[in-house]
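Below you'll find the structure, written out as structure tokens, and then a few comments.
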Amino acid sequence: MKPKAALEFVESSAWARVLNAEQLDRVLGEVGQRSVRRGTSVCHAGSPVLYWKGVIDGLIKMSVTSPDGRTCTLTGLAPGAWFGEGPVLRAATWDFDGMAIHDTRLALVPRATFHWLLEVSPRFNRFVIDQLNERLAQFLAVIEAERLEPAETRVARCLAWLFNSVLYPGVGARLALTQEEIGYLSGVSRQRVNRALHMLEQAGVLAVEYGAIQVLDLPALKRFRAVR
DNA sequence: TCATTAAATTGTT
DNA sequence: AACAATTTAATGA
């Protein structure tokens, strides 16, 4: 696979801009690329972590499966995302499943390269800390909504997450996503998603399109609260 | 380009 | 979960 798109993607990533020329050269020399069709697995719980992965375009769903076969979706990974630093850092295997829910292109940074960057670049370390911290804040917001808020608010939090420009710099104002998919990502029935989206549209926060949504006011989406 | 049809998605119960 | 309405994509005249 010719990694041309991956090279450009790495160069445009926030963490690449904090590296010196020598460090960037090594990364560009070792980065790989992979295209996956919608519906295919991109990483599997229990299998070895070989790469730190970036989403060039498309969409990935992160989920876990219980021993009796039930699955729970944790989050979506939108364009611009880099993921897997957790498993890369602490273990030799993935602790979640990743599935492409759209045709997706991935950039692959070998595990060894990632660890080398951590050793030689304080600013890269800082990037990783910032990213982990941003995720933590997002997870807290989602857990809070899960326990305290009605479904409409949970949908809003889930969408605010997907449009997070720190975690997913590649996402513009518009994201191709059906209401069914939003349901899977936010743990809400499609009917409830439909209601929530219209509520959010009424509030002027986003525009509902056929098979897509467009965010008009991201700050408002983040702080949106439906009345119970 | 237009009309027809199938498939996907949405809105509602 | 089921159904009807709507939108899109594909096909061929």
Side-chain angles (χ1 to χ4, degrees), chain A residues 1 5 9 33-44 55-81 83 96-106 138 141-142 145-165 167-228:
Chain A
M1 179 61 64
F9 180 67
Q33 181 175 328
R34 183 178 166 214
S35 294
V36 290
R37 300 294 301 231
R38 155 198 194 118
T40 19
S41 166
V42 299
C43 59
H44 187 66
V55 178
I56 301 172
D57 49 31
L59 193 65
I60 302 293
K61 178 180 73 173
M62 181 197 290
S63 64
V64 290
T65 304
S66 69
D68 57 312
R70 292 179 306 149
T71 67
C72 167
T73 299
L74 300 175
T75 180
L77 294 163
F83 67 97
F96 57 83
D97 297 314
M99 271 267 269
I101 60 179
H102 291 160
D103 287 354
T104 298
R105 288 187 298 173
L106 296 170
Q138 294 276 11
V142 167
E146 180 70 28
R147 305 226 168 129
L148 296 175
E149 305 290 341
E152 291 79 5
T153 309
R154 302 208 295 274
V155 171
R157 294 288 161 87
C158 174
L159 292 175
W161 181 316
L162 283 179
F163 285 92
N164 179 315
S165 60
L167 293 175
Y168 313 128
V171 180
R174 206 185 95 99
L175 190 61
L177 206 56
T178 67
Q179 297 182 6
E180 188 176 27
E181 288 167 342
I182 295 171
Y184 286 129
L185 292 175
S186 55
V188 169
S189 73
R190 189 174 68 76
Q191 292 90 327
R192 220 76 173 108
V193 169
N194 187 266
R195 299 286 182 159
L197 289 182
H198 285 300
M199 194 177 285
L200 289 162
E201 188 168 46
Q202 284 295 309
V205 169
L206 52 76
V208 180
E209 297 171 20
Y210 184 83
I213 55 170
Q214 181 151 1
V215 173
L216 304 173
D217 187 345
L218 185 54
L221 181 62
K222 280 182 184 167
R223 73 178 112 84
F224 179 84
R225 271 191 139 88
V227 285
R228 193 187 286 277

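To find a chain, count down the sequence lines: A is the first, B the second, and so on, and within it residues start at 1. What you are looking at is a predicted structure, and each value in this text was computed from that prediction instead of being measured.
The minimum heavy-atom distance between A:Ala203 and A:Phe224, with the atom names listed, is CB-CE1, 4.3 Å.
Distance A:Glu180 CD to B:dT10 C1': 11 Å, rounded to the nearest Å. Across the protein-nucleic acid pair, A:Arg192 atom CZ and B:dT12 atom C1' stand 14 Å apart, rounded to whole Å. Nucleotide B:dT9 holds its P atom 11 Å from the CD1 atom of A:Ile101, rounded to whole Å. At whole-Å resolution of the value, CG in A:Leu177 and P in B:dT9 are 11 Å apart. Rounded to whole Å, atom C1' of B:dT10 lies 11 Å from atom CG of A:Leu197.
Checking A:Arg157, A:Arg192, A:Arg225, A:His198 one by one against A:Glu152, the side-chain contact (heavy atoms from CB on, under 4.5 Å) holds for a single residue, A:Arg192.
A distance-only check finds a donor-acceptor pair linking the side chain of A:Asp103 to the backbone of A:Arg38 [under 3.5 Å]. Distance alone, capped at 3.5 Å, places no donor-acceptor pair between the A:Gln214 side chain and the A:Ala207 backbone. Formation of a donor-acceptor pair under 3.5 Å by the A:Thr104 side chain with backbone atoms of A:Leu59 is found in this model. Checking side-chain atoms of A:Thr65 against main-chain N and O of A:Gly69 turns up no donor-acceptor pair under 3.5 Å. A:Arg154 places a side-chain N or O within 3.5 Å of a backbone atom of A:Glu149 that can act as its donor or acceptor partner. A:Asp57 contributes no side-chain N or O that, together with a main-chain N or O of A:Pro79, makes up a donor-acceptor pair within less than 3.5 Å. A donor-acceptor pair is defined here as one N or O able to donate and one able to accept, closer than 3.5 Å; such a pair exists between the side chain of A:Thr153 and the backbone of A:Ala226.
Looking at A:Arg190, its side chain comes within 3.5 Å of the base of B:dG11 through a donor and an acceptor atom.
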Using a cut-off of under 3.5 Å, enumerate the N/O to N/O pairs linking the protein to nucleotides 4-7 of chain B.
none

Fill in: DNA chain C base-pair string [pairs: Watson-Crick or G-U under 3.5 Å; |: paired with another strand]
|||||||||||||

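OP1 or OP2 of B:dG11 sits under 4.0 Å from a side-chain N or O of A:Asn194.
Each of A:Arg195 and A:Gln179 has a nearest nucleotide on DNA chain B; the 5'-most of these lies closest to A:Gln179.
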